[in-house]
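Predicted model, so just to flag it, every value in this text is computed and none were measured.
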Amino acid sequence: MEQVIHLEKVNKWFDDFHVLKDIDLTVTKGQKIVVCGPSGSGKSTMIRCINRLEAHQKGHITVHGTELTNDLKNIDIIRKNVGMVFQQFNLFPHLSVLDNISLAPIWVKKMPKKDAEEIAMSYLEKVKIPEQAKKFPGQLSGGQQQRVAIARSLAMNPDIMLFDEPTSALDPEMIKEVLDVMIQLAEEGMTMLVVTHEMGFAKTVADQMIFMDEGKIIEQATPDQFFNNPKSNRTKLFLSQILNH
Amino acid sequence: MSVIIQSLSRNKFYNWAYKNLFSSWVNTIMTIIAIIFVYEIGTFFLNWAIFSADFRTNFQGELITDRTFCSKNISPGEYGACWAIIYARWDQFMYGLYPIEETWRVNITYALLPLAIIGILFDKLPYRKLFIYFTFLFPFIAYFMLYGGPGLSTVGTNKWGGLLVTLFLGVTGIGLAFPLSILLALGRRSKMPIIKSLCVVFIEFIRGVPLITLLFTANVMLPLFLPDGVNPDNLLRALVAVTLFQSAYMAEAIRGGLQAIPKGHIEAADALGLTYWQTTRKIILPQALKIAIPPIVNTCIGLFKDTSLVLIIGLFDLLGIGRAALADMTWTKLYYEVYVFISLVFFIFCFGMSRYSLYLEKKLKTDNS
């Protein structure tokens with residue numbers, strides 16, 4: 001199995017606060033990993049380190065054999081291969097949906113505008129909202145915005161997708177439309193690292209479950225083991241809280 | 001039908017007036033006092049400025065050639081304005097001491113100025129690209145036309161004056177300060193410590209000093225810093241001072257806009273692989289400048305008026321020319337006429353800027369809800 005992401009003894013501090021403690025993680029090609037854990041456990045920070053939105057201070061992070069250092073060239077290479085979807089969508093409000101998606105292909109990949117827009121349209125069809133192309137993000141519902149954000153990320157043709165709580169800011173009735181797109185993506189073989197509390201989604205798509213608490217990976221297991229027979233007490237407590245609410 | 005509409009609209013007016021002007025006794029009294037006040041001031045001013053005023057001739061029909069011909073100086077009963085001073089000094093107000101036979105060059109520049117600005121102001125303008133090209137060409141045309149060059153005689157800036165100096169300092173100052181202020185604002189938020197502290201020191205120093213001081217400094221001290229023989233003329237020195245001053249203020253206005261951009265937008269751009277400058281140009285500035293429009297226009301209006309301070313370093317802007325006109329024995333003591341005229345000219349430009357900013361705010365709001 002080809003290794004695409006490798007974290008080795010990764011440590012990070014925010015001033016005095018030790019957010020990540022000796023994180024080891026290996027992701028192979030096509031793997032879908034769901035990360036959960038209480039807030040403040042470092043799960044978002046961990047995936048944000050993988051495309052260098054946060055810098056780690058100790059340890060090694062390697063993506064496709066390229067190690068993340070302060071070298072901007074390496075960061076650029078990795079960011080081209082790694083897409084990211086945020087909790088707050090982070091669409092650019094002054095650009096139309098189509099421009100939001102075609103922006104990076106035009107400027108980063110130097111693609112002709114026409115080709116970039118064709119690609120943008122094809123991804124909009126994939127997330128099932130081609131009719132919204134000319135609108136501005138502010139005119140869309142949360143679920144539609146998040147689907148545009150996914151399309152925007154996919155338009156750069158990444159082979160790894162990071163999802164940072166993609167449904168946490170959505171109204172309940174919109175969660176499904178976003179999860180459906182993510183499930184479809186998983187079925188197509190995308191390598192995915194997803195921070196989420198949607199346990200139904202996790203059961204459907206995850207190959208591996210990770211539970212984090214206080215900056216450490218407490219438990220890593222297959223969904224079957226994780227949900228039916230968790231080893232650590234903290235995992236059990238967390239699961240009982242999240243599944244019963 | 002039209003009668004019904006009329007009575008309806010009249011009813012509407014009555015309702016509005018009743019609700020807003022006469023809803024209580026106090027309100028009614030205030031309304032009446034306000035109406036009387038406005039009426040008195042308004043009629044007085046209009047009488048003075050227009051109905052009882054002399055334009056080129058006095059009430060006896062004689063052409064006014066000096067202040068003794070003004071109606072108010074002939075007959076004690078007359079009090080109207082004597083606008084003849086503005087006519088007599090018109091060329092100076094517009095061009096300063098620019099040679100009369102060459103003033104057509106200034107007129108052409110004045111006429112081209114709107115064409116140079118219009119492309120920047122209205123983004124839906126047909127052929128906007130051509131207008132923008134012209135905008136970048138305009139400084140060279142203006143330099144050639146105003147200062148001279150091959151085929152045109154040289155007119156030194158010491159001959160420039162009046163509206164020409166006011167507009168030159170205002171327009172060039174704003175035009176040069178704008179890009180500079182963007183760099184300063186970005187620099188102030190930079191993660192690079194040296195660039196950041198340079199920008200902070202520059203901005204805070206300039207903002208901590210009155211413009212007059214900067215003008216004096218530029219006028220007196222600039223030559224000390226430059227090698228011997230390099231002696232920039234007065235107008236250029238004033239332009240340097242005005243530009244630096246404006247850029248510091250505008251930079252702070254733009255920084256306000258930059259701060260309003262959510263960090264997530266920058267992270268999203270980073271995650272997509274956009275470079276710093278691409279992110280700045282495509283994501284940050286379009287949003288930040290939009291937010292900063294009202295304060296930016298504020299500083300522009302402020303600067304435009306502040307150009308009149310160049311009077312103290314011996315340049316004759318509009319106000320300077322006005323004061324020179326008043327110092328002339330043939331026209332002295334016509335203070336009101338001169339200052340009202342100057343105010344009117346400043347008002348036209350500043351009010352124009354203010355309305356444009358309102359238009360832009362409205363337009364940008366509807367562009368993307």
Completion exercise
Okay, B:Glu267 and chain A: the region with an atom under 4.5 Å from a heavy atom over there is both
Handout entry: B:Arg355, CZ: over 12 other non-hydrogen atoms inside 6.0 angstrom
Key = no
Exercise for the section: Could you tell me whether a side-chain N or O of B:His265 sits under 3.5 Å from a main-chain N or O of A:Pro93, the two making a donor and an acceptor? Expected result: no
Problem - A:Val85 portion near chain B, given a 4.5 angstrom heavy-atom threshold - result: neither
Handout entry: Separation of B:Lys282 NZ from A:Phe92 CZ (nearest 0.5 Å)
Key = 12.0 Å
Handout entry: Neighbour count above 12 (heavy atom, 6.0 Å) for B:Lys263 NZ
Key = no
Practice task
Identify the heavy atoms of A:Asn51 and B:Ala271 that sit nearest to each other, and give their distance.
Solution key: ND2-CB, 3.6 Å
Exercise for the section: Tell me, yes or no, whether the heavy-atom count around B:Tyr359 atom OH, taken from other residues, nucleotides or ligands under 6.0 Å, exceeds 12. Expected result: yes
Exercise for the section: For residues B:Leu272 and A:Val108, report the shortest heavy-atom separation together with the two atoms involved. Expected result: O-CG2, 3.8 Å
Handout entry: A:Phe14 CZ: over 12 foreign heavy atoms closer than 6.0 Å
Key = yes
Practice task
Give a yes or no on whether B:Ile194 atom CD1 has more than 12 heavy-atom contacts from other residues, nucleotides or ligands under 6.0 Å away.
Solution key: no
Handout entry: Atom NZ of A:Lys29 with >12 non-hydrogen neighbours under 6.0 angstrom
Key = no
Problem - B:Ile283 and A:Leu103, any side-chain heavy atoms less than 4.5 Å apart - result: yes
Handout entry: Contacting moiety of A:Arg48, where chain B heavy atoms sit under 4.5 Å
Key = side chain
Handout entry: Smallest separation among heavy atoms of B:Ala268 and A:Phe86, with atom names
Key = CA-CE1, 3.6 Å
Fill in the blank from the handout: Whatever's closer than 4.5 Å to a heavy atom in chain B on A:Leu91 counts as backbone
